[in-house]
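Worksheet for the structure shown next.
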Protein chains: 2
Amino acid sequence: MSVVDAAASVFCREGYAGANIDLIAAEAGVSRQTVYNHHGDKENLFVAVVRDLTERCNAGIFATIATFPDQPTDLEADLIAFAVRMNRNCICNRDGRFLRKLIQAEGERYPELFAEWRGQGPGRTWSALAARFARLAFAGHLSIGDPDVAARQFLALVNAELQITFMLGGVPTEEEVLRSAANGVRTFLGAFAKKKLPAGKQAALAHA
Amino acid sequence: MSVVDAAASVFCREGYAGANIDLIAAEAGVSRQTVYNHHGDKENLFVAVVRDLTERCNAGIFATIATFPDQPTDLEADLIAFAVRMNRNCICNRDGRFLRKLIQAEGERYPELFAEWRGQGPGRTWSALAARFARLAFAGHLSIGDPDVAARQFLALVNAELQITFMLGGVPTEEEVLRSAANGVRTFLGAFAKKKLPAGKQAALAHA
DNA sequence: ACAAATTTAGACAGGCTTGTCCAATTCGTC
DNA sequence: GACGAATTGGACAAGCCTGTCTAAATTTGT
């Protein structure tokens with residue numbers, strides 16, 4: 001394991017103040033001196049960790065957004081699969097969990113560092129996702145007012161059932177991820193799908 | 001400010017390891033020795049802080065759930081107002097922000113302490129909220145499959161736009177809270193409201 | 001006003017951590 | 001195999017923090 005990876009792990013587990021360079025070195029399988037040779041001091045190492053995580057997470061998020069179902073065959077199934085990919089590859093994986101925890105724990109201590117993350121991460125990824133939803137709406141698959149709002153709500157919904165697990169730093173099971181995504185997408189489509197009433201109901205309405 | 005309140009503030013700002021008893025004592029306006037007299041040691045003090053926050057937060061959440069609109073006159077407006085109350089009094093206030101941060105930062109270090117929180121907090125509050133939604137559905141105002149899922153999704157939706165602010169420890173403005181709640185409730189009702197199509201659309205369907 | 005209880009300031013030991021220095025060793029490359 | 005670069009282990013100073021102790025000051029109850 002590289003020094004930065006080990007440092008990420010220890011910073012997350014112990015917090016910045018509680019992280020101990022000897023432990024990081026041991027976990028990385030190098031001597032303490034090597035850590036100092038490579039990264040100067042603790043703060044420097046921390047910044048390197050956050051930059052590394054931010055970069056990898058963003059890459060993962062964009063790669064996943066690239067798999068967005070632009071021409072869905074089964075919209076519900078395709079969106080659920082997309083949501084599961086998003087969760088598995090970006091939010092529940094090692095980098096995602098670590099970055100989230102570091103932002104929450106140390107965000108106030110390094111305003112400029114996390115402002116950078118905010119601009120390059122959520123800022124760009126959310127509008128990229130919003131663009132995909134806008135395209136789905138334009139193609140007639142959805143009925144969306146504000147695509148940015150819809151994108152944020154999509155993410156909120158498919159993660160709704162995982163919040164507590166995330167809070168306590170746990171990793172949801174594959175089944176939990178799937179259930180949360182399925183429930184979230186169903187509600188999302190309930191709100192944003194073009195309404196095509198099933199034949200029975202449509203007939204009932206016609207005769208009302 | 002009481003010792004426990006000052007400790008909550010410092011633990012949140014600096015993390016458990018970074019928190020310093022001298023600073024807590026100074027912020028509380030007492031001597032260091034008094035802190036030790038009252039709470040024994042640092043870990044004890046931390047536990048007292050979390051218990052205190054948990055208790056106050058739970059009281060606030062239940063008090064707010066008691067204001068749930070059981071007999072809504074304007075369902076959308078009433079749910080928005082409820083969501084705003086929930087955010088203002090339970091999630092964005094001092095206790096809510098602090099407790100959330102402590103759980104995220106130190107949850108793994110004190111499993112039994114936060115398991116207790118989990119059982120008394122989210123466990124009971126979510127089912128209490130679910131019961132209110134179930135009653136609304138029973139009274140014919142909503143069309144809900146699983147009330148527990150609906151309750152979690154309601155909370156996720158009305159907070160969807162505040163996630164980033166929460167992550168960085170900020171306090172959303174009143175206007176942001178209102179907008180997030182309004183957007184969230186609109187989507188929630190889009191998915192769960194009993195569908196009464198407006199006259200024009202209903203007519204169009206009837207002639208289709 | 002007085003006695004008991006509490007609080008305070010400060011000193012203090014012990015432990016831990018950061019960051020530096022250095023000599024010895026290992027590694028990569030030619 | 002030989003040479004330069006990187007790595008290692010360990011010693012080290014300096015600083016910080018926890019938790020204890022003590023004697024003086026202050027508050028509280030009566």
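Naming: A, B, ... by sequence-line order, numbering from 1 per chain. These figures come from a predicted structure and were not determined experimentally. Quick note: numbers below take in every heavy atom, side chains included, and nothing from hydrogens, waters or symmetry partners.
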Pair A:Arg51 + A:Glu55, salt bridge at N-O below 4.0 Å: no
Do NZ/NE/NH1/NH2 and the carboxylate oxygens of A:Arg56 and A:Asp5 come within less than 4.0 Å? yes
As an exercise, state the distance from CZ of A:Phe192 to CG of A:Leu157, rounded to the nearest 0.5 Å. 8.5 Å
Does B:Phe11 have its ring centroid less than 6.0 Å away from the ring centroid of B:Phe98? no
Would the B:Phe138 and B:Phe133 ring centres measure less than 6.0 Å apart? no
Just call it for A:Ala19: base, sugar-phosphate, or nothing, with non-hydrogen atoms closer than 4.0 Å on any strand. sugar-phosphate
Considering only nitrogen or oxygen atoms on both sides, find all protein atoms under 3.5 Å from nucleotides 11-15 of chain D and state each distance.
| from | atom 1 | to | atom 2 | distance (Å) |
| --- | --- | --- | --- | --- |
| D:dA11 | N6 | A:Arg32 | NH2 | 2.9 |

Provide the closest heavy-atom pair for A:Leu23 versus A:Arg13 in the form atom of the first, atom of the second, distance. CD2-NH2, 3.9 Å
Please name the pair of heavy atoms, one in A:Arg132 and one in A:Ala66, separated by the smallest distance, quoted to 0.1 Å. NH2-CA, 3.9 Å
Tell me the interatomic distance from [X], atom [atom1], to [N], atom [atom2], rounded to whole angstroms.
| X | N | atom1 | atom2 | answer |
| --- | --- | --- | --- | --- |
| A:Phe46 | C:dT18 | CZ | P | 14 Å |
| A:Ile21 | C:dT17 | CD1 | P | 11 Å |
| B:Asn37 | D:dG19 | CG | P | 13 Å |
| A:Ile24 | C:dT18 | CD1 | P | 8 Å |
| A:Lys42 | C:dC16 | NZ | P | 16 Å |
| B:Glu43 | D:dC17 | CD | C1' | 16 Å |
| B:Asn20 | C:dC16 | CG | P | 18 Å |
| B:Tyr36 | C:dC12 | OH | C1' | 13 Å |

Take A:Gly29 and B:Gly18, find for each the nucleotide of DNA chain D with the closest heavy atom, and name the residue whose nucleotide sits nearer the 5' end. A:Gly29
Watson-Crick or G-U stems of DNA chain D, 3 or more pairs, under 3.5 Å, by first number: C:1-30 with D:1-30
cation_pi(B:Lys42, B:Tyr16) dist<6.0 Å, angle<=45: yes
Closest approach to the side chain of B:Gln33, judged atom by atom: which nucleotide of C:dT20, D:dT22, D:dT18 is it? D:dT22
OP1, OP2 of C:dT7 versus side-chain N and O of B:His38: anything below 4.0 Å? yes
For a quick test of reading the model: is some side-chain N or O of B:Thr34 closer than 4.0 Å to OP1 or OP2 of C:dT8? yes
No-hydrogen, no-angle side-chain donor-acceptor test under 3.5 Å, A:Asn183 and A:Glu161: yes
